[in-house]
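Encoded as structure tokens, the structure appears first; notes follow it.
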Amino acid sequence: KDILVRGNDIDYELEVLRRNGSRGKIVVKYSTYSLTAVEGFDFEPCSGELEFEDGMRSNVITLKILGKSSLTRSDAFQIVLEEIEGGGGFNPNDDGDDEKAVFTLNLINDCDASDEVNALDKFLSKCFDIDNLKAARVAYVDQIKNAFLVTDAPEEGEEEEAPGCVDYITHVLSLPFKLLFAVVCPPSELGGGWVLFGLALFWIGLVTALIS
């Protein structure tokens, strides 16, 4: 499905159909999956459960599509439906298989190129994904901040534990190295991870040469 995107955000309603009967209640899980689109810059990630009551043949998933500028690329992401509760299955002839259904949304940049956009900006927008660079910048700042943390931030749903004396000692001793590699190693969001991969090989080779 192609969606024309301009400068304003869009609330897009994706209709999900229930075919070959509607008896009984079923629940299906859904989640978004990034292809070339960047979460938080091209669309808002979401997940949840979609309920079909007895006799209900359709329901909608509301997706937040974020606005584009004239320099950003057209992108794509997917919505994945899986794990049906209450009976039923997915159509293996559609995208996906017996275990899941996949729906792809193509976000087409429909912005008019401004006369103020110079040739250099147009060239850079073709060579680099602007939204990907923005996401990399946010991740880069976060990894530098995280280098100063005594312990890793807790995962979602987990309680944060107070660091002990040993945690503080190891943090002080390792802080110069944590900060160094947080600065010199770019986040994996930049260049699809290839920049980080190349620099990691470089640092491994350098450390190996120094040791030998």
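All residue numbers refer to positions in the sequence shown, counting from 1. Note that these values count all heavy atoms, side chains included, but never hydrogens, waters or copies made by symmetry.
Within the 4.5 Å cutoff, the side chain of H171 has heavy atoms near those of the K178 side chain. Residues T62 and Y12 have side chains not in contact (no heavy-atom distance under 4.5 Å, counting atoms from C-beta outward). Residues I61 and V16 have side chains in contact (heavy-atom distance under 4.5 Å, counting atoms from C-beta outward).
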Passes side chain to side chain donor-acceptor pair (under 3.5 Å), Q78 versus T104? Steps please. CA-CA 4 Å; Q78 292 178 327; T104 303; 3.1 Å; yes
Could you walk me through whether R23 and D54 pass the salt bridge (charged side-chain N to carboxylate O under 4.0 Å, His left out) test, one step at a time? CA-CA 5 Å; R23 180 177 298 177; D54 183 28; 5.9 Å; no
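N59 places no side-chain N or O within 3.5 Å of a backbone atom of L50 that could act as its donor or acceptor partner. No donor-acceptor pair under 3.5 Å is formed between the side chain of Y140 and the backbone N or O of C185.
The minimum heavy-atom distance between V5 and I65, with the atom names listed, is CG2-CG2, 3.9 Å. The heavy-atom pair separating V60 from E15 by the smallest distance is CG1-CA, 4.1 Å. Contact between M56 and E51 at its shortest, heavy atoms only, is SD-O, 3.9 Å. Closest of all the heavy-atom pairs between V195 and P186 is CG1-CG, 3.6 Å.
To the nearest 0.5 Å, atom CZ of residue R57 and atom CG of residue L17 are 10.0 Å apart. Rounding to the nearest 0.5 angstrom, the gap separating the OG1 atom in T36 from the CG atom in L107 is 8.0 Å.
The residues E82 and K29 are annotated as not salt-bridged, no charged nitrogen and carboxylate oxygen being separated by less than 4.0 angstrom.
Relative ring orientation between F77 and F43 is described as parallel, the plane-to-plane angle staying below 30° on a 0-90° scale split at 30° and 60°.
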